[in-house]
Every structure is written in C-alpha cells, then in structure tokens.
Visitor: 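This is the structure I want to talk about, given as structure tokens.
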Amino acid sequence: MPRTESLVSHFECYDCGRRYDLDHTEFPCPACGGILDPRYDYDSLTTTRDEIEARDGSMWKYRELLPIRNDDDIVSLGEGNTPMIDCPELADEMGVARVTIKDEGQNPTNTFKDRGASASISGASQQDVEEVAIPSAGNAGQAAAAYAARAGIDCHVVLNYQSNDIQKTMVEVHGADLHLVDGKLDKAGGRFGELRDEHDWYTVATFQTPFRHEGKKTMGLEIFEQFDWEGPDGIFYPTGGGVGLIGIWKAYQELAELGWLEDETPPSLHVAQSSGCAPVVEAINEQRTEHTPWDCPESIGRGIEVPDPGASPWMLEAVYETGGTGVAVTDEEALEGALAGARHAGIEMCVEPGAALAAAEQMAEEGELDEDDEILIINTGAGNKATDALSYAMK
Ligand SMILES: Cc1ncc(COP(=O)(O)O)c(C=O)c1O
Ligand SMILES: [Zn+2]
C-alpha cells in the first residue's frame, strides 16, 4: 500500500500522559477519560517547508503531520485549502491594519467540520472500522455523514430537533442513520452515550476521537503558510467544543518545533462565545484553568451553544499562552456580525462566525486592538446554514 510518510508515532493522553499504540480504538483514554492526542516523530521529517508549499490540493498536503499512514485510508472530498480573503472595509471600520477572513464555508459541506470529518473517517478506515457514530449540533453530523458515505462506512448521527433542516436532511441524504432527540446538545450527547454503549459503536464525537482535532489542525497550518509563516497578530474563533481552537494551537506548536516559523510569537487566540452560553469566556475573565458548566444555554448559534466543553483546560492553555482573550456577544450582535461580513466583504457567514466578527468589533470599540494589528476571523460556516436567522436579522 502506498505510504503517506506520516510521522505519527502513537496516541498520548493529554490528561494523564499514558501512551497507546495507533491501533488502540477505545476512546477517550480508558484510564482517566482524558483526550487522546496523536504524537509525531518530528525529528524524522525530511520534507521541507518549500516542498509542502509547492503542493496543491486538499488539507492532505500536510500528510506528514496527519495521523494516517496509508494513502488508501485517506477519505477526502477536497476539503481545506480555503481562501484567505482581505477585508479592507472592515479593517477601516475597526481601525486596524488588516482584517482577513478565512472562508471555511467553501469546504465540501460548507463548514470547517469537513476537516475533522475527513481525518476521523480516515482514522476509522485505518482502524478497519465499518460503523461510526457521532452526536452533534448539526454541522459535524452532516460532515461525518458525507465522509462516511464516501468511505462506505455506516454512520449514526444523533442530533436535536432544533438542528436546522439542511443538517437533518443532508445527514439522511448521505444515507446515515439519523436519531433525533428533544432538548439541546447535552441531551443529544446523553442519548449518544446510551446508544454507543448499547451497540458498541466506534465514536467520532468531539474529543472522544483523537482524529478530529488533527484534521482541524490543518486550518492552523494553512493560516501560517498563507501568512508567509508569520501568522496574524490575533485570531478570532467562534468557540464551542474548542476543536478548531486547539487545532490551531497545536499547529503553531508543531511549526515552532519544526523551526518553520519566521516569527515565533504566537498569534493571540481569542475565544468568541455567545453571552447566552459562555463558559470558556467566563473562565478566562476569572483567570481559571477550567470552566464551570453553564446553566440554561441559550443561543441561536447552536455550534457554540456548548455548556460543558470537556477540553476547556486545553483551550484555556492556548488562550493564556498566546495572550488571547474571551469575548461574549449577544445573538443580535452575532447576526449583525454575519451581516457585516456579507455586506462589507461579500462573504456569506452563518451565526457562529458572525459572533467571532462581532467579538473583534467589540474589542476594536473598546480600544483593545492596535492600529497596526493584523487580525484574522475564521468563517467556520457558510451563510446557507443560517438563512432563516439571517433573514430574521434583516427585519
Ligand atoms: C459553524 C460552527 N462554528 C463553530 C463551531 C464550534 O466549533 P468547535 O467545536 O471547534 O469549537 C461549530 C460547531 O458545531 C460550528 O458548527
Ligand atoms: Zn488518560
């Protein structure tokens, strides 16, 4: 079988440090319930930065830094390699040197979740798994269904009735088995746990699988490459479970370790959340190293309506180590942010990334951004995922 030249060596538990072989399928860490993280043998890398830059194609151009060993196990729909779009009007408005938006809406199922799904379904293929399962607010479930269909793997998706019609419909269009439950994400997670234990399903849930944050890591690798290996000054990320935030943080650490960065100062990683569900922002404001679960979450940005994100210690490490902050915005502000992206830059955004843009605007208004700052906003999902909310916002 052709090899990917991946440098992956093993999984290591972020929480207790135990090591597991790559064929280990019991996620999360059986010893402590912690997050398993793929680790790499960076010293063996022979590929150069220039060689990677010369490659085109999907996120798999960074295959040496991804945990899949054989080409045949890669399940891809051309995800990644998304554009970095300059937004001078927004930069003028915020009084900063440069605003760019990385448009993850241009991925195959229109969100950045495709990167995690490509990596986790490839991981399932590598581990000879024929059936996977995931609870989701909507987008991750849709992405998993698409990649599982491509791989010929059976997929079970647990969503809430509140997930939007596109997400629910497309899960079934891809041939996955859809389970709908009342309530919010915690209920979907609860039901998922029961079904997983009952049927012994292989999990591709957030931070249960060790593969999803690796896929999202490619977003960070691309950001540094697109910023000529220097990175912007600050990155605004709409934060739910934190998979993308941690992926970007890991990308920075890897590139620093490889000596590929022109400037070793990390970009400040700013957590944007909804004021209706802001457990990570609250922890940052109180300088804590772990969140307190949020009672009664309420936001129309369902992807960031995550009341009890298990990876908060890792997210908070990323924020504190990079000099980042936490900003909570209302749903109205998030919708206005999405409209601003569409009207001032032509970029179609759903509600969650609208919160990230609104968070940057809030920091600019409060004088917390410098006039020579270059900032990046991640458009995690396209406007077509939220047309109802966006049309409501225009009234
Ligand atoms: C559009 C969108 N943005 C942001 C998020 C939050 O992602 P993460 O879990 O990586 O924090 C989600 C998660 O569902 C999402 O769908
Ligand atoms: Zn552990």
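Atoms within a ligand are numbered from 1 in the order they appear, just like the ligands themselves. Counting from 1, the numbers follow the sequence of the chain as shown.
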Visitor: Under 4.0 Å from a heavy atom of Pro238: which atoms of ligand 1 are those, numbered in the order shown and with their elements?
Guide: 4 (C), 6 (C)
Visitor: With atoms numbered from 1 as shown, which atoms in ligand 1 lie under 4.0 angstrom from a non-hydrogen atom of Gly244?
Guide: 10 (O)
Visitor: With a 4.0 Å heavy-atom cut-off (strictly under), which part of Ser136 contacts ligand 1: side chain, backbone, both or neither?
Guide: neither
Visitor: Using a strict 4.0 Å cut-off to heavy atoms of Val243, name the atoms of ligand 1 that fall inside it.
Guide: 8 (P), 9 (O), 10 (O), 11 (O)
Visitor: Consider only side-chain N and O atoms of Glu104 and Asn107, and report whether a donor and an acceptor are under 3.5 Å apart.
Guide: yes
Visitor: In the protein, which heavy atom is nearest to atom 8 (P) of ligand 1, and how far is it?
Guide: Tyr237 OH, 3.2 Å
Visitor: What is the nearest protein non-hydrogen atom to atom 9 (O) of ligand 1, stated with its residue, atom name and distance?
Guide: Gly241 N, 3.0 Å
Visitor: Answer yes or no: is there an ion pair linking Lys187 with Asp182, defined by an N-O contact shorter than 4.0 Å?
Guide: no
Visitor: For Thr239, counting its heavy atoms only, list the atoms of ligand 1 lying under 4.0 Å from any of them.
Guide: 11 (O)
Visitor: If you have a sec, work out which protein heavy atom is nearest atom 13 (C) of ligand 1 and how many Å separate them, to one decimal?
Guide: Lys113 NZ, 2.8 Å
Visitor: Does Thr206 reach ligand 1, in the sense of a heavy atom lying below 4.0 Å from it?
Guide: no
Visitor: Please tabulate, for the side chains in residues 222-232, all donor-acceptor contacts under 3.5 angstrom to protein atoms that are two or more places apart in sequence or on a different chain.
Guide:
residue: Glu222; atom: OE1; partner: Asn81; partner atom: N; Å: 3.2
residue: Glu222; atom: OE1; partner: Thr82; partner atom: N; Å: 3.3
residue: Glu222; atom: OE1; partner: Lys102; partner atom: NZ; Å: 2.7
residue: Glu222; atom: OE1; partner: Arg115; partner atom: NH2; Å: 2.9
residue: Glu222; atom: OE2; partner: Asn81; partner atom: N; Å: 2.6
residue: Glu222; atom: OE2; partner: Arg115; partner atom: NH1; Å: 2.9
residue: Glu222; atom: OE2; partner: Arg115; partner atom: NH2; Å: 3.4
residue: Glu225; atom: OE1; partner: Lys61; partner atom: NZ; Å: 3.1
residue: Glu225; atom: OE1; partner: Tyr62; partner atom: OH; Å: 2.6
residue: Glu225; atom: OE2; partner: Lys61; partner atom: NZ; Å: 3.0
residue: Gln226; atom: OE1; partner: Lys102; partner atom: NZ; Å: 2.9
residue: Gln226; atom: NE2; partner: Thr82; partner atom: O; Å: 2.8
residue: Trp229; atom: NE1; partner: Glu53; partner atom: OE1; Å: 3.2

Visitor: I want to check something: taking the side chain as every heavy atom from C-beta on, are Pro83 and Gln106 in contact at a cut-off of under 4.5 Å?
Guide: yes
Visitor: Applying salt bridge (Lys or Arg N to Asp or Glu O under 4.0 Å) as the test, list every pair that has at least one member in residues 5-23; sequence neighbours left out.
Guide: Glu12-Arg39
Visitor: Can you tell me if Asn160 uses its side chain to pair, donor with acceptor, with the backbone of Gln162 under 3.5 Å?
Guide: no
Visitor: Within the 4.5 Å heavy-atom criterion, are Ile300 and Leu335 side-chain neighbours or not?
Guide: yes
Visitor: Relative to the heavy atoms of Cys350, which atoms of ligand 1 are at a distance of less than 4.0 Å?
Guide: 1 (C)
Visitor: Starting from Val96, walk the hydrophobic network (Ile, Leu, Val, Met, Phe, Trp, Tyr; side-chain heavy atoms closer than 4.5 Å) and list everyone else you reach, by chain and number.
Guide: Ile85, Leu90, Met94, Val99, Ile101, Phe236, Val327, Val329, Ile347, Met349, Leu357, Met363, Leu369, Ile375, Ile377
Visitor: Could you enumerate the protein N, O or S atoms under 2.8 Å from the Zn ion (ligand 2), written like residue then atom name?
Guide: Cys13 SG, Cys16 SG, Cys29 SG, Cys32 SG
Visitor: Do Glu317 and Trp249 have side-chain N/O donor and acceptor atoms under 3.5 Å apart?
Guide: yes
Visitor: For a side-chain contact (heavy atoms from CB on, under 4.5 Å) check, start with the C-alpha distance between Tyr237 and Met219, then their side-chain angles and the critical distance, and finish with the verdict.
Guide: CA-CA 12 Å; Tyr237 178 76; Met219 196 165 64; 4.2 Å; yes
Visitor: Quick one: which ligand 1 atoms are inside 4.0 Å of a heavy atom on Lys216?
Guide: 10 (O)
Visitor: Which residue and non-hydrogen atom of the protein lie closest to atom 16 (O) of ligand 1, and at what distance in Å?
Guide: Asn139 ND2, 2.8 Å
Visitor: Quiz question: by atom type and distance under 3.5 Å, do the side chains of Glu172 and Thr169 form a donor-acceptor pair?
Guide: no
Visitor: Does any N/O atom on Leu245 come nearer than 3.5 Å to any N/O atom on ligand 1?
Guide: no
Visitor: With a 4.5 Å limit on heavy-atom distance, are the side chains of Glu64 and Tyr40 in contact?
Guide: no
Visitor: Please find out if less than 6.0 Å separates the ring center of Phe211 from that of Phe11.
Guide: yes
Visitor: Quick check: does Gly242 get an N/O under 3.5 Å from an N/O on ligand 1?
Guide: yes
Visitor: Which residue from Thr111, Ile378, Val280, Thr380 reaches closest to atom 3 (N) of ligand 1 through any of its heavy atoms?
Guide: Thr380
